[in-house]
There are 4 protein chains.
Amino acid sequence: MNRMEIRTDLALEARESSPGRCEKEEGVKFDESFDEKTGIRVTTVRVLNEAGAAAIGKPVGTYITLEAQSLEQNDEDCHRQVSEQLADHLRGLVGKVLECGQKAVEKTAPRILAVGLGNREVTSDSLGPRVVDELWITGHLESASPKINGIIPGVMAQTGMESARIVRGIVAEMKPGLVIAIDALAARSVSRLGTTIQITDTGIQPGSGVGNHRHSLTGETLGIPVIAIGVPTVVSAAAIVYDTAQALSEMLRRSAGMTDAADWIEEQSPTEQYQLIRELVEPSLGQMMVTPKDIDERVAQLGHTIAEGVNIALLGAEE
Amino acid sequence: MNRMEIRTDLALEARESSPGRCEKEEGVKFDESFDEKTGIRVTTVRVLNEAGAAAIGKPVGTYITLEAQSLEQNDEDCHRQVSEQLADHLRGLVGKVLECGQKAVEKTAPRILAVGLGNREVTSDSLGPRVVDELWITGHLESASPKINGIIPGVMAQTGMESARIVRGIVAEMKPGLVIAIDALAARSVSRLGTTIQITDTGIQPGSGVGNHRHSLTGETLGIPVIAIGVPTVVSAAAIVYDTAQALSEMLRRSAGMTDAADWIEEQSPTEQYQLIRELVEPSLGQMMVTPKDIDERVAQLGHTIAEGVNIALLGAEE
Amino acid sequence: MNRMEIRTDLALEARESSPGRCEKEEGVKFDESFDEKTGIRVTTVRVLNEAGAAAIGKPVGTYITLEAQSLEQNDEDCHRQVSEQLADHLRGLVGKVLECGQKAVEKTAPRILAVGLGNREVTSDSLGPRVVDELWITGHLESASPKINGIIPGVMAQTGMESARIVRGIVAEMKPGLVIAIDALAARSVSRLGTTIQITDTGIQPGSGVGNHRHSLTGETLGIPVIAIGVPTVVSAAAIVYDTAQALSEMLRRSAGMTDAADWIEEQSPTEQYQLIRELVEPSLGQMMVTPKDIDERVAQLGHTIAEGVNIALLGAEE
Amino acid sequence: MNRMEIRTDLALEARESSPGRCEKEEGVKFDESFDEKTGIRVTTVRVLNEAGAAAIGKPVGTYITLEAQSLEQNDEDCHRQVSEQLADHLRGLVGKVLECGQKAVEKTAPRILAVGLGNREVTSDSLGPRVVDELWITGHLESASPKINGIIPGVMAQTGMESARIVRGIVAEMKPGLVIAIDALAARSVSRLGTTIQITDTGIQPGSGVGNHRHSLTGETLGIPVIAIGVPTVVSAAAIVYDTAQALSEMLRRSAGMTDAADWIEEQSPTEQYQLIRELVEPSLGQMMVTPKDIDERVAQLGHTIAEGVNIALLGAEE
């Protein structure tokens with residue numbers, strides 16, 4: 001059975017689900033490092049061209065992923081280390097998209113608009129609003145540089161508008177040089193929930209985020225660079241079904257030597273499997289998500305960690 | 001002593017504080033009615049021209065005020081009666097600004113943007129956000145008419161932007177035919193706190209609202225009509241000082257026959273009085289506000305009452 | 001494969017997971033009715049003696065379950081129908097435990113203590129606090145009968161105390177005649193999340209509830225009858241794994257005719273399966289829960305529905 | 001005019017309003033110190049006997065008041081300095097009431113119950129709940145010493161019970177050696193709002209607190225020592241009226257030489273004044289309170305500052 005086409009917003013996972021295809025491609029480059037002291041793993045996925053984008057199913061651009069199991073704990077020191085790493089990588093990416101060195105952020109982008117996507121009233125989708133709540137807002141201070149603005153546009157059920165259109169209107173009015181969008185993401189693997197942060201210069205794509213944005217928020221649609229910061233907070237319940245099927249197939253092959261049965265399971269087309277399993281397991285599974293038991297506390301902490309990272313990157317850089 | 005120039009956002013109170021001047025003017029017309037059954041008093045102040053505007057200190061336009069002591073109570077029936085009255089007057093004003101009969105709202109303004117001004121995190125300033133939270137949002141529904149959009153722009157400390165600019169950007173992007181802005185107001189008299197609703201077609205003026213907007217939100221600045229709905233939730237503590245001085249002066253004159261002392265108090269210039277009293281009473285008084293003891297509950301109920309009124313006016317009109 | 005011993009707080013599900021055992025027993029009686037008009041299914045499980053308790057894994061007592069798919073929708077009429085049904089059954093159970101007719105509630109139990117168990121800060125565990133927030137509290141009103149008191153004791157991480165001990169202290173001080181405890185539950189089947197309400201006269205058992213109470217809250221420990229009202233809001237992620245394994249085993253048997261493989265899967269002991277699957281699927285699965293995507297909204301609505309039911313049962317009974 | 005009998009929960013203010021009486025008494029001792037570096041003023045009022053209690057209108061005991069204008073600002077360093085001073089004085093008072101040295105807290109009172117009085121839903125009354133939310137709770141940890149428990153009992157409208165009775169029930173069940181109650185207070189002077197912290201070993205008296213407790217929470221009623229920590233968050237609007245009358249009387253005497261009028265104002269009995277002024281000023285004034293404009297933010301910060309002080313005093317003492 002091929003790993004099913006269950007949605008993931010992480011480029012890291014998109015690569016994992018189709019390793020064969022990606023390795024053959026010229027268009028995707030990977031880079032990984034692990035810091036034993038902090039326990040933070042940094043993976044950079046670079047999608048170089050359309051061939052790479054087709055192989056991995058993500059647009060051309062850079063995807064930096066920070067993983068730290070320590071984010072599960074309520075340990076201030078660990079969170080600060082992650083904030084600082086995040087600040088470093090964010091500053092690097094800002095420098096890159098503005099085509100200037102890191103020191104020149106305030107000159108090239110005198111105004112930055114931070115956008116907290118998602119729904120404040122839905123715990124698993126509230127990361128974006130929480131981060132913007134804690135940012136150092138300087139947009140109204142004469143002497144500040146860069147000037148940071150923040151907006152929490154709300155979701156369509158609250159506003160009747162795509163958040164992308166609200167942002168577009170504000171961008172046209174305020175003319176910032178850069179948008180930084182923060183959003184809660186859907187992952188494929190539960191081990192990534194609340195332990196992974198992705199930064200990318202490709203912006204927000206349609207269909208991404210916990211709330212499934214319909215429109216994109218990218219350099220193309222806004223006319224200025226868009227950096228997106230995301231943390232996976234949910235996995236679809238269907239993912240557990242597929243993973244279990246794959247695990248059972250491996251069990252049958254390895255432990256019981258029942259190759260036929262394993263083959264049969266793996267040969268089922270995704271659609272057949274989905275239908276059968278859905279029918280047999282639970283018709284209501286599609287409405288369900290998998291989330292950490294302590295999601296409320298986790299989202300609050302992560303909001304703080306990311307806000308700190310952005311604050312350091314934009315305003316706290318002492319070089 | 002003249003009634004001091006303490007700020008009020010209510011046209012009704014602006015009139016009260018300068019009755020002599022206004023009566024002489026041709027430019028201001030008043031209309032008042034009281035319904036004994038519901039206990040709701042409706043006052044309409046029409047500022048007809050610049051002379052009237054100068055006399056009353058409020059821009060040319062219509063100001064409709066609903067007063068109901070019953071709003072103090074947690075009585076669902078009373079609140080519903082106020083919602084219905086509010087809906088009636090709002091529909092009338094919408095019809096007027098769109099230069100069409102009441103029936104034609106959905107044809108002339110197929111899209112209406114409701115704006116919840118103020119700060120959700122500050123109880124006395126949270127009315128606007130609370131109302132927009134409870135509106136029936138239809139802007140994203142294909143078949144709805146009129147299409148209602150809602151936005152809670154936040155305050156400058158949160159966004160680094162004037163809420164007026166955020167609204168301007170969204171108006172340019174979404175092209176609604178009408179803005180309805182909801183805001184908490186400052187009043188002059190504590191008896192009006194939480195018992196009065198003002199509807200006006202003049203929009204939001206600089207310096208108005210609990211949070212003191214710096215920029216206006218009017219037909220002139222947005223290019224489309226702006227109706228504002230406001231409820232006073234605070235009185236400045238200084239108002240109590242002035243009122244007490246006036247009361248004492250009357251006491252000295254009436255009860256003690258000490259005309260000289262009364263005259264002396266009244267002859268003090270506002271500035272002298274302010275300096276003396278401030279010094280004698282409390283230097284920190286300027287940072288203080290007067291508010292009902294149950295402001296938290298009161299704001300929650302009023303938010304519900306006004307949202308219901310707007311919902312009925314825009315979507316619930318069966319004629 | 002036997003259905004695994006995954007925890008459920010619902011007597012209904014305990015029965016389903018061991019149908020064979022229960023049917024043979026004399027000690028458990030079932031009763032089911034379905035109202036086509038309202039779409040509400042009512043199942044009564046009566047555990048008559050220790051043999052029945054052993055068979056079903058739940059203490060001796062009565063368990064009434066209301067199931068209504070309509071609870072998934074935000075439809076006020078459906079919720080009201082459920083509130084009224086809940087009120088009826090609750091009144092019946094109160095009458096039974098106080099050994100009096102329904103009319104005599106206020107005479108026999110002049111004081112009732114409602115206890116909102118769980119953690120207000122954790123969405124899936126916040127049902128109890130939300131219900132008590134909305135109850136009509138009459139305990140301090142001289143003329144009220146019955147007198148309703150309410151307490152939200154908090155969870156151990158917040159108070160450092162078992163909620164059972166807090167309740168015991170208050171019961172000793174206030175001497176109510178009855179405790180009604182409201183709690184969020186763990187279910188076995190995702191189709192029951194947010195659509196099922198269980199009322200029981202057996203109180204709260206150790207290990208039950210989303211927050212896993214360590215101590216019981218029962219007639220035995222408090223010295224007065226305890227009625228518990230619960231709604232399942234989470235399913236352990238492990239449940240999905242087991243259900244998928246069972247579904248696959250059925251698929252292999254039915255569709256592929258691979259009886260051996262199906263048998264092999266079913267023959268694995270629960271422990272072996274758990275180890276293997278956990279290892280193959282996700283080591284972090286144990287920290288995960290499955291919950292509806294709209295859990296925040298669902299819990300808010302259910303809190304309202306149950307509060308209304310309790311209010312009608314205790315104070316709104318017009319006979 | 002005598003300073004009117006407007007309620008204050010601060011012993012400091014009770015002394016100020018009757019300086020003549022107190023100075024003559026043997027039963028009240030004052031002690032004041034001011035630290036120029038931190039800007040914190042510490043005043044200790046010791047009511048030594050019943051004569052002192054009658055003079056000052058507060059029970060026999062010790063009242064320590066910390067005043068710092070810096071608490072108005074959102075400055076972390078200032079708040080930490082206050083937390084540390086608070087910790088010092090609290091530790092001293094705990095040592096005194098337990099009749100042991102400061103080092104022996106954990107031996108004499110192995111269990112301490114922190115009580116967050118007031119109403120979480122009413123901003124100006126929410127200090128107690130906010131503090132207990134942030135305490136380090138150790139009551140359930142085997143090895144912790146002292147064991148800290150926390151309870152937020154709610155207010156009578158929420159529970160139907162006096163919070164004093166809830167606390168009494170829990171004290172009987174948990175048998176702590178000490179209660180520390182935290183509450184929002186009413187002050188007489190607006191300059192003290194949010195800038196003053198009072199610690200006392202006399203517990204909570206009937207009629208005190210923003211929510212006006214009806215029952216006391218004292219060593220006498222609970223059988224164990226009760227230390228109360230309070231911060232004034234409101235002043236009654238009537239206080240402004242009286243202060244203004246007094247200021248005007250002084251103005252008439254000093255600036256205008258109108259001794260008769262000043263005398264007349266001061267000769268009015270409190271009741272006459274209250275009637276006249278209330279009538280002339282505003283009948284609804286009694287329902288109003290004076291509070292800082294930024295009360296929401298102020299209460300949040302103070303909750304944090306006090307929680308930190310209590311945490312340091314009870315668990316952070318390294319000697």
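Residue numbers begin at 1 in each chain, while the letters A, B, ... track the order of the sequences. Computed from a predicted structure; not experimentally measured.
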Could you check D:E266 against D:S249 for side-chain hydrogen bond (donor to acceptor under 3.5 Å, both in side chains), going step by step and ending with a plain yes or no?
CA-CA 7 Å; D:E266 289 173 20; D:S249 146; 2.4 Å; yes

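Neither the backbone nor the side chain of D:D294 comes within less than 4.5 Å of any heavy atom of chain B. Heavy-atom distances place the side chain of D:M258, and not its backbone, under 4.5 Å from chain B.
Each of B:N119, B:D125, B:D296 has some count of heavy-atom pairs under 4.5 Å with chain D, and the biggest count is that of B:D296. Most heavy-atom pairs under 4.5 Å with chain D: of the set B:S124, B:A261, B:S236, this distinction falls to B:A261. Of the listed residues (D:V290, D:L252, D:T291), the greatest number of heavy-atom pairs within a distance under 4.5 Å of chain B belongs to D:T291.
Judged by distance alone, the side chain of B:Q198 and the main-chain N or O of B:L66 form no donor-acceptor pair under 3.5 Å. Under the 3.5 Å distance criterion, the side-chain polar atoms of D:H79 are matched with a main-chain donor or acceptor of D:Q73.
Salt bridge present: B:R120 and B:D133 bring a charged side-chain N and a carboxylate O closer than 4.0 Å. D:D35 has no carboxylate O lying under 4.0 Å from a charged side-chain N of D:R41, or vice versa, which leaves the two without a salt bridge.
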